[in-house]
Every structure is written in C-alpha cells, then in structure tokens.
Amino acid sequence: MTIRFVLMVNKQGQTRLAQYYEYLTLEERRALEGEIVRKCLARTEQQCSFVEHRNYKVVYRRYASLFFLVGVDNDENELAILEFIHLLVETMDHHFGNVCELDIMFHLEKAHFMLEEMVMNGCIVETSKSNILTPIQLME
Amino acid sequence: MALSGMRGLSVFISDVRNCQNKDQERLRVDKELGNIRTRFKNEKGLTPYEKKKYVWKMLYIHMLGYDVDFGHMEAVSLISAPKYPEKQVGYIVTSCLLNENHDFLRLAINTVRNDIIGRNETFQCLALTMVGNIGGREFAESLAPDVQKLIISSSCRPLVRKKAALCLLRLYRKNPDVVNIDGWADRMAQLLDERDLGVLTSSMSLLVALVSNNHEAYWSSLPKCVKILERLARNQDIPQEYTYYGIPSPWLQVKTMRALQYFPTVEDPNTRRSLFEVLQRILMGTDVVKNVNKNNASHAVLFEALSLVMHLDAEKEMMSQCVALLGKFIAVREPNIRYLGLENMTRMLMVADVQDIIKRHQAQIITSLKDSDISIRRRALDLLYGMCDVSNAKDIVEELLQYLSSSDFAMREELSLKAAILAEKFAPDLSWYVDVILQLIDKAGDFISDDIWFRVVQFVTNNEDLQPYAAAKAREYIDKPAIHETMVKVSAYLLGEHGHLLARRPGCSPKEIFNAIHEKLPTVTMPTIPILLSTYAKILMHTQPPDLELQNQIWSIFHKFESCIDVEIQQRAVEYFALSSKGAALADVLAEMPKFPERQSSLIKKAEDIETDTAEQSAIKLRSQQQVSNALVVTDQRPVNGMTPDVPLTLVKVASTNSKEDLYPEDHISNGENGTVTEVDPQLPSADLLSDLLGPLAIEGPPDAVQSGQSSLSGLEGISDAVDSAAIVPIEGQINAVQPIGSIHERFHTLCFKDSGVLYEDPHIQIGVKAEWRAHQGRLVLFLGNKNTSPLVSVQALILPPSHLKMELSLVPETIPPRAQVQCPLEVVNLRPSRDVAVLDFSYSFGTSLVNIKLRLPAVLNKFLQPLSLSMEEFFPQWKSLSGPPLKLQEVVRGVRPLPLLEMANLFNNCRLMVCPGLDQNPNNLVASTTFYSESMHAMLCLVRIETDPADRTQLRMTVATGDPTLTFELKEFIKEQLVDIPVMSSVPAMAPASSLPINPVSLSNDPGAILAGLL
C-alpha cells in the first residue's frame, strides 16, 4: 500500500514534476513516463480515473492542461489517492493562489517541498494544509 | 516570474520551454550542463547561493529525462552546509539524484546523524525525510535507535515525530531486525494513543508494515485502531484542518481499516462490537452527494470498510449488505465507482462464499465487459473469470468468445488465455471444449500460445470418443479460406491422426483431406511444414487400399523437400519417403499416437505462476491464506473451500490452489510419512523395437521411450518440449511414480477440526470430504474427483473401521469418467469412546500403474462432542460428584507446545470443548465442558480443567472428569495429543507423543483398522 511515484505532466506530455519513491534508472523512468502518459492522455472524461500499467495502478486526475499521475500498488485504495491528488492541488492553490502549470514550472522547488511535506517514503505524512505550508512559508 | 531570487534558473527554464523541438532542447541542456561542469571544477570560487542555483538546474535537467552524471558530490556536500536553504537543497537534491547504493551517500551518514540527534528541528526534519526516502541498510544499522527515540520522545514536536515514524518504516524495510519486536510492540500501541493526526497518520503506515509481517506481536494495537476509527467516525476532537469536505481525515480512516485487515480476527467482544458499530455506520451512512470530492472521499472510506467487513466475515448480515452495495455499484454510470465495484466483487470471491449471489449480476457484468474503458473491461474480465464455474461456464465462455472478435489488441491475449483455461476447467463435455478452442484459434490465432493448441491435441488423443468429432471439426475449418497458421497446424495434426475415422463421410476421402490440407502449404511458414509432412505420411499410411496417384503426389512432395534448407524438414522428407516405400512397416511406425501422460495443464500452471508472481504482502492475499491456515484458531464450520455437494471437484482445487504453497510448504515430501502411497506392480512399457530405427528422427532428444516414439512418429516435438517437469512418465526403475500433492498428514489434521476440505490429492485424483455430525452419528461424503482427461479405472475403496465405529460406505464405482466427480456417502455410528482412527484403503489404476493409498479418515473423537456451556451453579456440583480415579484423572503434561492462553482456549473450542470463562478464578486456568455421544452411553457430560504455569508454558496440569472411566481416559489422552502435537510442522511425526503415553487399553484389541491406524 504505497505510492510509487507522483508525476505532473502537461497535455503535450512534458514532465513538470517527477518524484519517485522507488529507485528506477533513467531509462526505466523515461520508458515508464512515456507509456503511462500516452495511456492517460488518450483517455476521455467519461472513463474512470484508474489505469492499470504493468504491476502498478496509475490514479490520475486532470486539471486544465496539467495531468497529475500517481503510481500505486495494486491493493491501494484508489479513491483515497484520487482525493489526495486534489488535496495536493488545493494546497498548491492555497499557496500560489489559482495555481497553474507555470507556477509549478517556475517554482519547482516549492512544489517539491510541498510534496515532500505530504508524502514520504511512499506514505502520506500530512494532510493538513496549514501544517504542510508552514515550513514553506518559513523559507520565504 | 522571479524564482525566489534564482534568476539564472528562471531564465534557463524559460529557455528550455521556448525550445521548438527536442533537438533544440538537448542543445540548450548540453550547454547548461557544460556550464555547470566548468563552474563546479573550481569549486572554491562558488558561493553557496551559486551552488544552490546550479544544483536546482541539475535537478530540473534530470527531471526532463537527461542523464546528470556529475555534481553528485556537490549535492551531497550541501548537506553539511550550516545554513538552512543550502542544507535543504542538499537534502532534496540528494534524495532525487542518488539512490541508496550510491557511494557518496555513505559519506554523508555522519552529517545526517548529527542533524537527526541535533537540537534544530528543521534540520531533523530534513535529515529524517532524506533517510526515509533513500536510506539503505547502512543507515538502518546506524540510525534506527536514534530514530526510535525521536518517535516516542515527549519533548519532540509532532512535525519531527511524524517524519521519524516513516523514517523508521524505511529502515525497518531495509533491515527488519532494527525493530525489536518485544520492545516495540508496546510502544507502537502507545503511539496510537497520539492526539496529533499527522503523527497518527504516519504511525499507521508504520503499523501496517509491521503487522503485515507479524500480526501476532502487535495484538495490543488492535483495540487502539478501533478507538481511532471511533474517534474519526464520530468526529470527536478532530481539528478542522484534518477534515476534508466534512469527512474526518479519510486517509487515516482508510489506513486504519487497512491495518485491521492484517489481523485474522477481532476476538474481544467489546472491541468487536465497537468496530462493527463503526462499520455499520459507514456502510449505511454513505450517501451519494453532489460534490465530487466529498463523494470520492466518503466512498474511499466505504470501499475500505467493505474490504474490512469481507475480511471479518462473521456477521452474515453485513456480508449481504456488502454484496448488495457492490451490486448497486457495478450498475452505476459513474466509471470510478463501477470500476471499484467490479474490483471489490472479484476480491470478495476470494474471501467469501458469495458465488451464487454474484452470479445474479452476471448480465450486468457482461455489459461492463463491453464498456468503452479498458480499465473497466479488464475488471469485468477478471470478475467473470473468477466467478465462472460449471453452471455458468458455457455462458461466460461464449460471451468471451463473442467479445474476442471486437476486443482491442491489448486485451486479446489475456482474454483468449482466460477463455481457454475456463473451457478446460469447467467443460461440461469435451466436444464443447474442442469447439471453444478451435473458435479461439479461428478468432484470435495471433494471440493463441502453443500451449493452447498442444492441450487440445492432448485431450483428443487421450479420448477416443472425441476423435471423430474433433477430426470433423478440423475438416470444416481447413476448408475455410485464409485461416490462421495455428489453425493449419492443429487441423493438419488432427486430420493426420484421426482423419481416417471420417472416411465414410462425404468430402473426407484421404485424397480430399490431403488436397484440402495441401492447399495451405504455400501459405505457411517453415515451422509448420514438418507437421504437414507428418500428416501426409499418416494419410498415406491410412489409405487402404493404396491409392497410387495420391502416393505419387505425396512422394513428389517429399522429394521436393529432400533438399530443403531447413534440416528438420529435410530429414523428415527423406525419412518419410524411405519409410513409406517399405510398405507394411509403415503402418507399424506411423501407428496412432499413444496416450499422453496426464499432467497439470501448462495453461493453468501458467496462470497460477502469474498469480504468485504478483504475490506481494497485500492484505487480501494474506487474508485468503489465513482463512485456511487459521483453521485452528477460527471457529468456522462453513465450507471454506466452497465444497458443497453440487460443486464440482475442480472448484475445490481452484479455491485451494491460492494458498496451497503456503499451507503445505513440505509439498511432495510426505510420501509414506503418515499415509502411504505405494505403486503396486509398475508394468514398464515394452521396449519399442522401432525406437532404434527411429532414433535419428528424435532430434530434440526426448528423454524416454514413449515420448521419443511420439515425437518421431508425428512431428510433435513441440508437444514433448512442452512437457513440464510435473509430467508423470513411466520410466524404467521409477518407483512411487505418483506423488501426493500437499502433505497427507497436514490435510488430515486440518480436517480433524473442520468438516470439509481436501483429504488427499495427487496428479490424477482429488479426494474431498464433507461431513455432518449429529450426536453419535455422522455422515461423511467422499468426493472422488478424476483430474484427468481419461478415465480412472479399477477404483476401489475399502473402509477399515476401528472396533468402536460402525461404518458403512455406499457403492464406489469402478470407473471414474474423465474430469468427473463421484460422491460416496459414508455412514458412521460411534459405539464407544476411543481415539482409534478409521482408515480408507483406496486404490485405482492409471495407465500401467496401480496406485494404492491408505488414508486416515477424520472421524475422530472430537467429532462426537457437543460443546456445552455451564454456569458456576451447574459446574461445581458435577465436578465434586466425580471424585478421583477412574472417573476423574489428573496428569501433569510436559513438553506442551507453548501457547498463549487465548490460543489454547481457541484450540479447545475447535475441539468442541467449550471453554467456560470465569468459572475458574485463576486467570491462568481454563475450564471447559462438553457432551460426548456414543451408542453405548448416549450423552455423557465431560468436564476439563487445565492449570497452566505462567512461568513455564511448556507444562500444565490437566484434570478430566466424566461419568465413564474409558471416556475419561480417552478424552484425557486426546486432549494431550492436541496440546503436545499441534500440526504446525509436519516434521513432528504424528504419533511421536503417543510413544510417551501409557499403554492404551483399547489398542490391545486385535482390530485390524485400529492397528493399521496406529501404524500410520
């Protein structure tokens, strides 16, 4: 029951943020990202938010031009992850105010720190927005 | 877009963003990498700010998918920077760029440790996070004690402790020894009293990992989890920031319920009641609401609650609620809920006996098989596969076949494999099976692995009745235009072997068959040609009287291939030509294929392998194992394996294969250990005189006479290749050719506490038992299932009852048809108390070997007990009235397997001795009561008292009192056997403890069954 990776990818398939919680070589990452991004981008709004890929399940959600993809074990609670994505987006929104792809791109380090406060070693650590954002505000 | 002061980074990111194509991007990235490399060369000139900036650039480049093979040292060195921003960058970049085996990481251990034990809590957080993400074994060994201290430290703030908990989880995974179970179990339980939800969330992840490995050690955490759930579900004292759309942390709720799924059961009645109240509330109180997020979050909790209910299983009422809910979910439009409904229904099949209820939804599930979404189709396919049995196999397989033509390529292989397996497992008749496989090949030839067509050939070869039908079908298919090459292979093979059986039908003369097949020759590839050549040779052989024209035609083909570049084809052409000129000898050489040795279907084996491949420590897997292996602990009289009289044998096999590996780790070694399997008079196949002559044909060198005969004769090298190691092949000097599957001893012991299950299994037969007991009578049904595709003959079953049991076995048929199951009821009457065991002497023939097995039957003493609960007022007068030997016997038993008292109580309950809590004031003692039924004395009250010594769990004092001296003695000995010999390791011989017992008065009888049982 762990999160294997969190990816943020835009409609063109460009990676905007990638965080892996298991070690993959660069080639493996590239191949994995290519395959699952292709799979997810091809799906319609009417289809479910879960894609099975090799031995993981990818739970994904789309916000405007940006896709959030979370790779999990097969026995993970899918809906909990789906809402965790939303919590992540809401947290970013809270910080940036109307977060968009450019915010994540140009504030890569902040996006990373937020994610780091929320997920560690593939497990959810914190779900309170104020607790997540405190260390980031301290930085500024 | 100024980036917190790092302008250079912003510029670089926009540059990359403005690149028109991948080549430009690569140029820009290479330029930047060059720049960073030169800057790092004279490191001294770099300010910390510059270092930080460059490291972020590297991280960005890495994320874009470019290799960054330098600068790692710089990243690591930032960790020891004194200032927070640089340190932070150092830690984050190190965890992104390096992996746990990286050499540089080792250099940082000391700095990291200093940060962890230091006073600066932000540094502590950074260090814990990095170790939590990429720490390896070395970190585990040097940091675990410090991290543990932090988790339980009262002076640490939650923000440090929550990270420490997950850090410990990482270290534990790297080296489980770093967590000392004895010490940590209590602390873990204390940790769950935490009020802070962040700490609780990460502690729960830690708990899940710990209990998944060893739930027994963490019993004390179970009630704490239930408390947390209550707190969340009632929304007590949950800070606003931890509620998500009005739902108290759905993630913590889910995690907590997941942790509970690793415990086999919840025993304490109060805890159990509280838990079920919460679950009931979740099941009933989750409504569909408009807000998507709220809806998802509440359903995340609901689905986890469903899993937990399925696991706890006991409340029948809630189970049906679950099925009803899932039935609703698979019919909704919302794709996520439908997907999860299907997924959870499939899981439910694995843990509960709900097949019949789920079957009602078959039509709905089939609709989902045609959904536009492949994720949903996959789930529907899995569910249909799981719910298939003989009753619905025809419908389901036909649906799959129909769907096959329109399905997408991504799914065809899986679909056809599953259809083939279901057709084989549940075929109501074999001709239907042949139909299905041929249709599969016709519709999805590209996706049909060789295993599938090899298997159908084996079936047809082994069943004479099937041969004309299969040949006729093959004849129909070979006429079709543009058939798949696999179809050419299988049709040609079947027609070559059995085409002559059709001779009288129109269009089926040898010549016509030959022409139909030969038409396909130009369309096939090299590997198929040898099969066609064999077919031609066979057709030639079957053409009586010889047809000269046909002969010339075939000879010219052989002649043409004599110079083929492919060695295999060339050799066959030369040899078939030479053989067919020999006249009469041809008929001997090319005679019909002998039957294939029976073996486990390689398809099913493949499917099982795939299943075990993905076997991680998931709760659902563990659960399905626990269901069977905890037979001693859980009082569960339900037929766990779905063993009801109208369910075919194959089902039982399916249910048990999931856990077979874990249940019977000593597979294959039990032969002759407790039950005996002997092969009587193995007649060896007569040496094939022609095998020398044919020697060179068997290029791929099959190992023995029979197979070299097969392959050389008909060009089925492929098939003999596919013979897996499980194949039973009669080879000279091989004794005990039939090995039982699973330990006979273990199976017997399991059945002593359960009323249904498998008593014996080998590659040919499975013997299942289902029993019902009423007072001194019992009815035991033996299910004899033939696993083969050919009949089992000379079946004999003889009961050798001990003198105290009257047993009557109904007629056992001499032959068991292929893949059929025969039920043989056995009536049992208990005359007197005795621990002797009845024996089933069972034998059958398969091929040339006669197999004889002697099996103990689980008609044991405790089956005639009826648990009885006594109050204090009832118990003591009885206890006092039975004073002293021989009615009341006391013994100090040593060498007892040390059991917690709770487990011992379970053991008694499973033996149908009802433990009456509270009767004995001393908490270390157990008092149990029951009624024993036999014809000679009807109902007889039995009282038992066990006094344990908390200081030494290996000894105890036992007192047994009944109104009959023999019963008292037998019951005492029986209980002793249970306490001393718990069937956990079969390496402990069953009768070992018996040797230390006083001489059993009943065993003096010269009853053959009793003596035999004693010997076993």
Side-chain angles (χ1 to χ4, degrees), chain A residues 1-2 14-21 23 26 29-30 33 39 43-44 46-52 55 57 73-75 77-84 86-87 90 102-103 105-110 112-113 116-117 120-131 134-135 138-140, chain B residues 1 3-4 10 13 17 56 59-60 63-65 67 85 88-89 92 96 99-100 122 125 129 132-133 159 162-163 166-167 169-170 197-198 201-202 205 208 239 241-242 244 249-252 254 258 293 296-297 299-300 303-304 335-336 338-340 372-373 375-376 378 614 616 618-620:
Chain A
M1 209 194 180
T2 38
Q14 292 161 317
T15 307
R16 291 300 177 223
L17 189 143
Q19 179 71 55
Y20 286 81
Y21 300 97
Y23 179 70
L26 202 65
R29 286 183 188 202
R30 245 182 287 178
E33 286 175 27
K39 271 192 185 177
R43 293 172 65 82
T44 67
Q46 284 76 46
Q47 297 181 331
C48 68
S49 314
F50 322 122
V51 176
E52 292 161 27
N55 54 343
K57 202 169 264 187
D73 293 344
N74 271 318
D75 66 337
N77 184 312
E78 296 88 345
L79 286 177
I81 296 295
L82 193 64
E83 284 319 296
F84 183 72
H86 190 70
L87 178 72
E90 281 188 351
L102 290 180
D103 291 322
M105 210 174 151
F106 285 100
H107 298 89
L108 183 65
E109 88 292 17
K110 282 189 189 160
H112 256 286
F113 294 145
E116 189 141 281
E117 287 297 318
M120 181 177 155
N121 192 17
C123 300
I124 296 173
V125 216
E126 186 56 81
T127 57
S128 142
K129 279 179 212 128
S130 59
N131 283 352
T134 315
L138 270 179
M139 259 166 57
E140 288 185 341
Chain B
M1 290 274 164
L3 175 72
S4 18
S10 286
I13 292 175
R17 186 165 168 253
W56 270 108
L59 191 68
Y60 185 76
M63 191 191 74
L64 291 176
D67 204 3
Q88 186 194 35
V89 171
I92 289 204
C96 287
N99 71 59
E100 62 173 85
T122 42
C125 287
T129 308
N133 283 328
L159 87 135
K162 68 185 180 194
K163 300 206 164 167
L166 286 178
C167 184
L169 168 60
R170 169 92 189 185
L197 266 76
T201 306
S202 50
S205 291
V208 168
E241 60 200 38
Y242 282 102
Y244 180 80
S249 182
W251 301 284
L252 181 55
V254 164
R258 184 59 63 96
N293 301 306
N296 283 341
H299 280 78
F303 275 110
E304 204 60 46
N336 287 343
R338 189 142 46 95
Y339 173 95
L340 294 171
S372 70
D373 181 351
S375 299
I376 288 183
R378 281 232 157 92
T614 51
E616 276 180 278
S618 74
I620 188 109

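A quick note: this is a predicted structure, and the numbers were derived from the prediction, not measured. The sequence lines fix the lettering, A, B, ..., with proteins before strands; numbering per chain opens at 1.
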Closest approach of [X] to [Y] (non-hydrogen atoms, all atoms of both residues):
X: B:H299; Y: A:L79; value: CB-CD1, 3.5 Å
X: B:C96; Y: A:R29; value: O-NH2, 4.1 Å
X: A:E52; Y: B:Y339; value: OE2-OH, 2.6 Å
X: A:I124; Y: B:T201; value: O-CG2, 3.5 Å

Problem - Under 3.5 Å: donor-acceptor pair, side chain of B:S375, backbone of A:F50 - result: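 Looks like yes, one N/O pair under 3.5 Å.
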[atom2] on [Y] to [atom1] on [X], rounded to 0.5 Å:
X: B:C167; Y: A:N121; atom1: SG; atom2: CG; answer: 8.5 Å
X: B:L197; Y: A:S128; atom1: CG; atom2: OG; answer: 9.5 Å
X: A:E83; Y: B:N293; atom1: CD; atom2: CG; answer: 4.5 Å
X: A:T134; Y: B:L159; atom1: OG1; atom2: CG; answer: 8.5 Å

Exercise for the section: Select one option (side chain, backbone, both, neither) describing which atoms of B:R378 are under 4.5 Å from chain A's heavy atoms. Expected result: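 Contact with chain A: side chain only.
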Handout entry: chain A contact via B:S372 - side chain, backbone, both or neither, heavy atoms under 4.5 Å
Key =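 Both parts, heavy atoms under 4.5 Å.
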Problem - Choice from A:K129, A:R16, A:E33 maximising heavy atom contacts with chain B below 4.5 Å - result: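 Highest number of heavy-atom pairs under 4.5 Å: A:R16.
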Exercise for the section: Could you check A:E109 against B:I92 for side-chain contact (heavy atoms from CB on, under 4.5 Å), going step by step and ending with a plain yes or no? Expected result: CA-CA 9 Å; A:E109 88 292 17; B:I92 289 204; over 6 Å; no
Problem - Residue list, side-chain contact (heavy atoms from CB on, under 4.5 Å) with B:N99, at least two apart or on another chain - result: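 A:Y23, B:N101.
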Practice task
Measure the shortest side-chain to side-chain distance between B:M63 and A:Q19 over non-hydrogen atoms and say whether it is less than 4.5 angstrom.
Solution key: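 Of all side-chain heavy-atom pairs linking A:Q19 with B:M63, none is under 4.5 Å.
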Exercise for the section: Pick one of side chain, backbone, both or neither for A:R43, based on which atoms fall under 4.5 Å of a heavy atom in chain B. Expected result: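 Just the side chain, heavy atoms under 4.5 Å.
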